[in-house]
Protein chains: 2
Amino acid sequence: MASKHSTQHKILDAAQNLFAETGFNDTSLRQITSLAEVNLASVNYHFGSKKELIQAVLQRYLLVLMPRLDQEFTRLLATRQPNSLAQVLSVFVKPLLELNKVHQNGTRIFLQLLGRGYTDVQGHLRWFFNQNYGRVLDKLVQLVQQACPDLPASELFWRLHFSLGTVVFTMASNEALAEIAKADFNEKVDIEGVILRLLPYLSAAIAAPIPQVAHISQTAPMLASEGR
Amino acid sequence: MASKHSTQHKILDAAQNLFAETGFNDTSLRQITSLAEVNLASVNYHFGSKKELIQAVLQRYLLVLMPRLDQEFTRLLATRQPNSLAQVLSVFVKPLLELNKVHQNGTRIFLQLLGRGYTDVQGHLRWFFNQNYGRVLDKLVQLVQQACPDLPASELFWRLHFSLGTVVFTMASNEALAEIAKADFNEKVDIEGVILRLLPYLSAAIAAPIPQVAHISQTAPMLASEGR
DNA sequence: CATCAATTTAAACACCTGTTTGAAATGTAC
DNA sequence: GTACATTTCAAACAGGTGTTTAAATTGATG
């Protein structure tokens with residue numbers, strides 16, 4: 001099975017491209033099977049449901065990426081003195097770019113899928129991530145904590161999620177941004193170019209100085225008090 | 001018309017909440033009219049189409065926010081010496097928080113809608129924005145340019161879009177993040193708290209030092225060469 | 001009250017969605 | 001080549017989508 005041009009493989013390839021471009025909910029199984037040139041029912045036959053197809057598309061990359069990241073994080077945690085924030089963030093580059101070996105434009109597609117997953121099916125992917133790769137992410141948090149010892153844990157939480165937003169949104173809008181950049185600055189940027197631009201931006205952002213205590217929780221009297 | 005409890009008003013209120021929570025494409029007119037307790041056909045009668053309803057929902061906030069921002073930008077541009085980046089970004093706070101006067105939780109809802117607009121209907125809102133408020137945004141670019149004179153124009157372009165991603169994604173995930181923050185750090189955060197946390201993060205990010213020339217365009221041999 | 005326009009309503013429209021079905025086709029082992 | 005399991009296929013399913021229609025209701029004006 002998985003003989004490169006098998007039905008399952010054709011479905012996965014067609015699905016990932018359409019999912020990345022249009023989002024999960026806005027891509028129909030008929031669009032996928034039409035592009036893959038397979039029968040409509042084969043999706044349910046091979047994957048069970050659309051939901052499981054989405055998971056399979058993501059897993060193809062996660063199963064390659066996450067062990068690589070885990071390995072890098074573990075390596076950095078073993079060093080004697082704490083690593084700089086730039087060093088920590090740099091370890092993402094190689095594992096991400098190696099996704100291009102999984103599939104052509106694999107890096108771009110995976111990051112776009114990640115963005116879709118976080119915004120389309122709200123909260124679902126976030127839960128899945130913490131559930132399956134929480135231990136890996138904890139190592140990242142630990143590394144950043146070491147690199148920025150003055151940063152309170154809660155502030156670090158927010159800044160890491162801000163950063164996730166930066167990456168994920170940028171990748172989701174990648175095509176549009178690349179077009180504008182080319183039109184306005186005659187600048188040809190690929191996914192690696194964007195990643196390399198992100199690094200100094202995120203390094204400075206996460207390590208930003210904490211503003212003077214502004215009694216935030218007092219000046220902002222619980223406006224959003226409606227529970228949920 | 002617009003007598004606060006008119007049909008149009010009820011539709012707009014129901015629509016904005018559902019749109020913000022579930023996204024534009026994943027919210028049906030039947031969900032909206034059901035929540036608003038009006039007839040299904042009244043949406044098409046009063047607004048023409050779903051697309052125009054979406055625009056009306058956004059316009060209700062944009063028509064308040066953008067002139068305010070324009071005014072602030074113009075004021076800052078008139079000062080003798082260039083303003084600091086932190087000062088420039090700070091001018092967003094008041095106009096954004098004043099959206100709470102337009103509607104309860106207006107700030108949060110508008111920012112969520114903005115996030116939805118940029119990710120749901122890909123590229124559509126970006127085009128609309130540049131078309132209608134390009135002149136206002138140009139002033140912002142000019143202000144940031146003045147605050148960071150060493151930043152090349154193309155780098156500034158990317159960093160401003162990175163920042164847009166940070167804001168927009170954070171707001172789209174606002175509920176989930178606020179829940180986690182409360183569970184993990186017993187920290188009650190409202191929309192104002194998030195905005196105040198974003199300011200130092202974005203200030204440091206946009207003004208991040210430019211890394212040494214790394215021959216980016218040469219080390220990254222046009223991988224994404226497929227046009228689109 | 002009568003007239004006319006503005007609004008609301010229930011019903012239907014044509015189309016798209018993910019999924020299931022049962023028969024046909026294909027592949028595999030004896 | 002016959003039996004068996006795997007895979008493909010066209011067709012239908014039940015349910016949801018935005019939009020339209022024409023009649024009923026409401027509101028305002030004379």
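Lettering of chains follows the sequences in order, A, B, ..., and the numbering in each one begins at 1.
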Point to revise | Sub-6.0 Å ring centroid separation between B:F169 and A:F169 | key: no
**Study point:** d(CZ, B:F47; C1', C:dA6) in whole Å
**Key:** 16 Å
Exercise for review: With the side chain of A:N39 defined as its heavy atoms from C-beta on, choose the nearest nucleotide among C:dG18, D:dC9, D:dG18.
Suggested key: D:dC9
Review point. Ignoring hydrogens and geometry, is there a side-chain-to-backbone donor-acceptor pair from A:D70 to A:V136 under 3.5 Å?
Key: no
**Study point:** Sugar-phosphate, base or nothing in reach of A:T33, heavy atoms under 4.0 Å
**Key:** nothing
Revision key, fill the gap. Closest to the side chain of A:L29, out of D:dT20, C:dG18, C:dA10, is C:dG18
Check your understanding: When all nucleic acid strands are considered with a 4.0 Å heavy-atom cut-off, which category describes A:S42: base, sugar-phosphate, or nothing?
Key -> nothing
Check your understanding: Any donor-acceptor pair under 3.5 Å linking the side chain of A:T27 with the backbone of A:L18?
Key -> yes
Practice item. Please report, rounded to the nearest Å, how far the P atom of D:dA10 is from the OH atom of A:Y45. Key: 17 Å
Review point. Nearest-Å distance, CG (B:N25) to P (D:dG16)?
Key: 18 Å
Review point. Counting side-chain heavy atoms from CB outward, which of C:dA6, C:dT19, D:dT17 is closest to B:S28?
Key: D:dT17
Study note, to complete from the structure: A:L53 atom CG is separated from C:dT17 atom C1', nearest whole Å, by 15 Å
Check your understanding: Atom CG of B:L40 and atom P of C:dC13: how far apart are they, to the nearest Å?
Key -> 16 Å
Practice item. Identify which nucleotide among D:dT19, C:dT7, D:dA12 has an atom closest to any side-chain atom of B:N44, counting heavy atoms from C-beta outward. Key: D:dT19
Practice item. Report the C-alpha distance between A:V91 and A:L143 in whole Å, list the side-chain angles of each, state the deciding distance to 0.1 Å, and finish with yes or no for side-chain contact (heavy atoms from CB on, under 4.5 Å). Key: CA-CA 11 Å; A:V91 307; A:L143 282 166; over 6 Å; no
Check your understanding: Of all the choices, C:dT8, D:dT20, C:dT20, which nucleotide is nearest to the side chain of B:A41 once you look at every atom?
Key -> D:dT20
Check your understanding: Would one find a side-chain N or O of A:H46 under 4.0 angstrom from OP1 or OP2 of D:dT8?
Key -> yes
**Study point:** Working for side chain to side chain donor-acceptor pair (under 3.5 Å), residues B:Q71 and B:T74
**Key:** CA-CA 5 Å; B:Q71 168 189 337; B:T74 307; over 6 Å; no
**Study point:** Any donor-acceptor N/O pair under 3.5 Å between C:dG18 base and A:R30 side chain
**Key:** yes
Revision key, fill the gap. Separation of C:dT17 atom C1' from A:D26 atom CG, nearest Å, is 12 Å
